[in-house]
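Have a look at the structure below before the remarks.
Computed from heavy atoms alone, side chains included, the values below leave out hydrogens, waters and symmetry copies.
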Amino acid sequence: MKETTSYLRKKILVLGLAKSGVIAASLLHKLGAFVTVNDMKPLSENPEAQGLLEQGIKVVCGSHPIELLDEGFELIVKNPGIPYRNPLVKGAIERGIPVITEVELAYQVSEAPFVAITGTNGKTTTTTLIFEILKEDGKLPLIAGNIGTVASGVAENATSDETIVIELSSFQLMGIEMFKPEIAVVTNIYDAHLDYHDSKQEYIEAKAAVMKNQIGSDYFIYNANQEETMNMAKNSMAELVPFSTTTKHENGAYIEDNAVYFREERVVNVSDIRLPGKHNLENVLAAVAAVKLKNVKNEAIQHVLSTFQGVTHRTQYVATIEGRMFYNDSKATNILAASMALSSFDIPVILLAGGLDRGNEFDELKPYLKHVKAVITFGEAAAKIERVAREVGISIVKRVDNVEKAVPAAYEISEAGDCILLSPACASWDQYKSFEVRGDMFMEAVHKLK
C-alpha cells in the first residue's frame with residue numbers, strides 16, 4: 001500500500017455501508033482519519049456497523065440525519081448506490097464538501113496500476129476475459145470493483161508487480177477525482193440508469209470520467225461502432241485504441257478474414273472463440289486490445305477464448321443434453337439485454353422469459369424472435385410476453401409457475417439442435433431475491449434432466 005498522509009487526522013463521513021463502506025471505513029481508520037459511518041439500517045440489525053464500532057469507529061445508524069453535516073466533515077465517501085439527490089449528499093455539495101466513492105480511495109493507496117472497464121453492457125464479460133487472459137500469461141492480475149470485489153480492499157494489498165482489473169459503474173465513476181487507469185475501456189453506451197441520472201447526457205459524462213485524468217502515455221480503448229463512444233474519444237488525452245466488428249482500424253482491434261486482429265497482427269480465429277454472439281465478439285475485441293497492450297502472448301489469448309464459456313448468468317453455457325444446448329442469461333433483466341442474447345443464436349430457440357412487471361410492454365423484442373420456436377413464460381409479466389410472442393406467429397406459448405418448472409416444460413417440446421435459453425427480459429424480484437438466485441435455479445433444473 002502506498003504511504004499517504006492525505007487522510008491523516010481528517011474528519012471523514014462514510015455514507016452507506018454494504019461491503020464497500022465497511023472496507024473503506026476500516027482503511028480510512030488505518031490511515032489515521034477520524035471516521036464516522038452513517039447507515040440506514042438500525043444498529044441492532046447491522047452486524048457490519050457493530051464490527052466498525054468495535055474498531056473504535058463512530059457509527060450513526062437508522063437514518064441519514066442532515067444534522068451530521070454540522071460536525072465539520074472534510075470529505076464524504078459515498079456508497080455508489082446512494083443517489084446525489086439524497087439530502088445529505090446534496091447538502092454536502094452545497095457546503096463545498098468533496099464527495100467521492102471508494103474507487104478514488106483505492107486509486108490513492110494502490111501500488112498497482114489499473115485497467116478500468118466501463119460501459120452499459122459487456123462490462124463483466126470484458127473484465128473477466130482480461131483478468132483470465134492476464135492470469136493465463138502469468139501477468140499477476142487482481143480483479144475488483146463492480147464485479148463483486150471491493151476495490152479499496154484489493155488495492156490495500158496490491159503490489160507494483162500486479163495489475164488491478166476493475167469493472168466500474170457510472171455510479172462509481174461519478175465519485176472520482178484523481179483516479180487514472182493506465183488502460184481505460186468503454187464497451188458501449190445505451191440508455192440505462194436514467195432513474196439515477198438526471199439525463200442520458202449525465203450518464204454519458206459519468207462513463208467518460210473513466211478517461212478524464214488520462215495522459216498521453218495511457219490508452220483509451222473504445223467501441224468504434226458507436227457514435228457515443230467515438231465522441232468520447234475526441235475528448236481523450238490518451239492514445240486512442242478503437243475496436244470494431246465491421247471496420248478495420250490499424251491502431252486497434254478488428255475482424256478480418258474471420259479472425260481477430262490487433263494492429264495488423266492475427267491473434268485468434270473467430271471460429272475458435274467459445275462465446276456466442278456479436279455482442280460478445282465486441283467484448284472479445286476490447287479484451288484483446290487491453291491484453292495486447294500489456295504484452296500478452298497470443299497463445300494465452302487463444303487458450304482462454306477457446307475455453308471460456310461465459311460469466312455466470314450472462315449468456316452462460318450450462319450443458320448439452322440429448323442435443324439440446326442450455327444457456328443461462330438470467331442477468332438479462334431488461335429488453336435490451338434479452339435482445340442481445342437472442343441475437344447470439346441462429347438456431348431454433350426456446351425462450352424462457354418473464355419476471356417483475358415494471359409497467360412496460362415488450363414489443364421491442366419482436367425483431368429478435370425470428371429464430372424462436374416456442375416461449376415459456378413465468379412471473380408477473382408473463383401475459384405481456386405471451387402477447388408479443390403470439391403476435392409474431394410463435395405457435396407454442398406456455399405459462400408455468402417459475403423457472404424450475406420452465407426447464408422441463410421447454411425440454412419436453414424441444415428437439416436435438418435446439419437452444420433452450422433463459423433470458424427473462426425482466427427483473428427477478430417478483431419471485432427470486434436476485435437474478436443470481438434465478439439463474440442458479442435454472443442451472444439446477446437443467447442438471448436434474450441429466
Side-chain angles (χ1 to χ4, degrees), residues 112-119 121-145 147 161-168 181-188 218-225 229 238-312 314-317 340 344:
F114 286 81
V115 175
I117 301 92
T118 194
N121 291 316
K123 295 187 298 295
T124 301
T125 297
T126 304
T127 302
T128 306
L129 280 173
I130 293 170
F131 171 77
E132 293 293 341
I133 294 169
L134 291 174
K135 184 171 70 172
E136 178 69 21
D137 203 49
K139 298 293 187 186
L140 304 179
L142 303 168
I143 197 162
I147 201 165
D161 295 329
E162 297 171 310
T163 297
I164 298 177
V165 184
I166 184 168
E167 177 187 326
L168 295 174
E182 67 171 20
I183 299 173
V185 181
V186 178
T187 58
N188 49 58
D218 300 317
Y219 299 95
F220 178 52
I221 300 171
Y222 65 98
N223 189 334
N225 290 346
T229 48
E239 181 174 338
L240 299 180
V241 184
F243 67 89
S244 173
T245 55
T246 60
T247 307
K248 178 177 178 178
H249 291 271
E250 292 181 356
N251 192 45
Y254 54 92
I255 306 295
E256 188 173 74
D257 300 328
N258 293 312
V260 172
Y261 280 75
F262 181 72
R263 293 182 172 174
E264 302 195 90
E265 177 189 1
R266 191 182 183 107
V267 177
V268 62
N269 294 327
V270 171
S271 59
D272 292 333
I273 298 171
R274 186 73 182 267
L275 284 171
K278 180 183 175 183
H279 66 292
N280 274 323
L281 199 52
E282 289 189 345
N283 299 333
V284 165
L285 289 171
V288 166
V291 299
K292 289 297 288 184
L293 292 171
K294 297 290 284 185
N295 299 313
V296 164
K297 295 185 289 294
N298 288 346
E299 290 79 8
I301 298 171
Q302 292 160 4
H303 175 77
V304 171
L305 293 180
S306 65
T307 56
F308 185 75
Q309 297 182 356
V311 179
T312 306
R314 293 164 173 84
T315 325
Q316 172 199 8
Y317 171 76
M340 287 190 164
S344 301

Could you walk me through whether Glu132 and Arg274 satisfy the salt bridge (Lys or Arg N to Asp or Glu O under 4.0 Å) test, starting with their C-alpha distance in whole Å, then the side-chain angles of each, then the deciding distance to 0.1 Å, before giving a yes or no?
CA-CA 14 Å; Glu132 293 293 341; Arg274 186 73 182 267; over 6 Å; no
Can you measure from CZ (Arg266) to CG (Asn258) and round to the nearest 0.5 angstrom?
8.0 Å
Leu285 side, atom CG; Asn223 side, atom CG - distance, nearest 0.5 Å:
9.0 Å
Going by heavy atoms in the side chains, are His303 and Ile133 under 4.5 Å from each other?
no
By the definition side chain to side chain contact (heavy atoms under 4.5 Å, CB included), identify the one residue from Val296, Leu129, Ile143, Leu142 that meets it with Leu134.
Val296
So, the side chain of Gln302 versus the backbone of Val267: is there a donor-acceptor pair under 3.5 Å, distance only?
yes
Quick check: closest heavy atoms across Gly145 and Ile166, and the distance to 0.1 Å?
CA-CG1, 3.7 Å
Please report the shortest heavy-atom distance between Val165 and Pro141, naming the atom on each side.
CG2-CB, 4.3 Å
Glu162 to Ala112 - nearest heavy-atom pair and separation:
O-CB, 3.4 Å
Let me know which of Thr187, Thr229, Leu293 forms a side chain to side chain contact (heavy atoms under 4.5 Å, CB included) with Ile221.
Leu293
Looking only at heavy atoms, the pair that brings Glu256 and Tyr261 closest together is O-CE1, 3.1 Å
Interatomic spacing from OG in Ser306 to CD1 in Ile301 - rounded to 0.5 Å:
11.5 Å
Quick check: do Val241 and Ile183 have side-chain heavy atoms less than 4.5 Å from each other?
no
Using the side chain to side chain donor-acceptor pair (under 3.5 Å) rule, pick out the option among Lys139, Lys294, Glu182 that qualifies with Thr163.
Lys294
Heavy-atom check, side chain of Tyr254 versus side chain of Thr247, under 4.5 Å:
no
Residue pair Pro276 / Thr315, side-chain heavy-atom distance below 4.5 Å
yes
Which distance, rounded to the nearest 0.5 Å, do you find between the OH of Tyr222 and the CZ of Phe243?
10.0 Å
Less than 4.5 Å apart, side chain to side chain, heavy atoms only: is that true for Ile255 and Leu281?
yes
With a 4.0 Å cut-off on N to O distance, would you call Glu264 and Lys248 a salt bridge?
yes
How close do Gln316 and Val311 get, counting heavy atoms only, and between which atoms?
CB-O, 3.5 Å
Euclidean distance, Arg314 CZ relative to Asn283 CG, rounded to 0.5 Å
11.0 Å
Establish, from distance only, whether the side-chain atoms of Asn225 and Glu282 form a donor-acceptor pair under 3.5 Å.
yes
Might you work through the side-chain contact (heavy atoms from CB on, under 4.5 Å) test for Asn188 and His279, ending with a clear yes or no?
CA-CA 10 Å; Asn188 49 58; His279 66 292; over 6 Å; no
For Lys123 and Gly119, indicate whether the former's side chain and the latter's backbone hold a donor-acceptor pair under 3.5 Å.
yes
Rounded to the nearest 0.5 Å, what separates atom CG in Asn280 from atom CG in Leu305?
10.5 Å
Please give me the minimum heavy-atom distance between Ala144 and Ile164, naming the atom from each residue.
CB-CG2, 3.9 Å
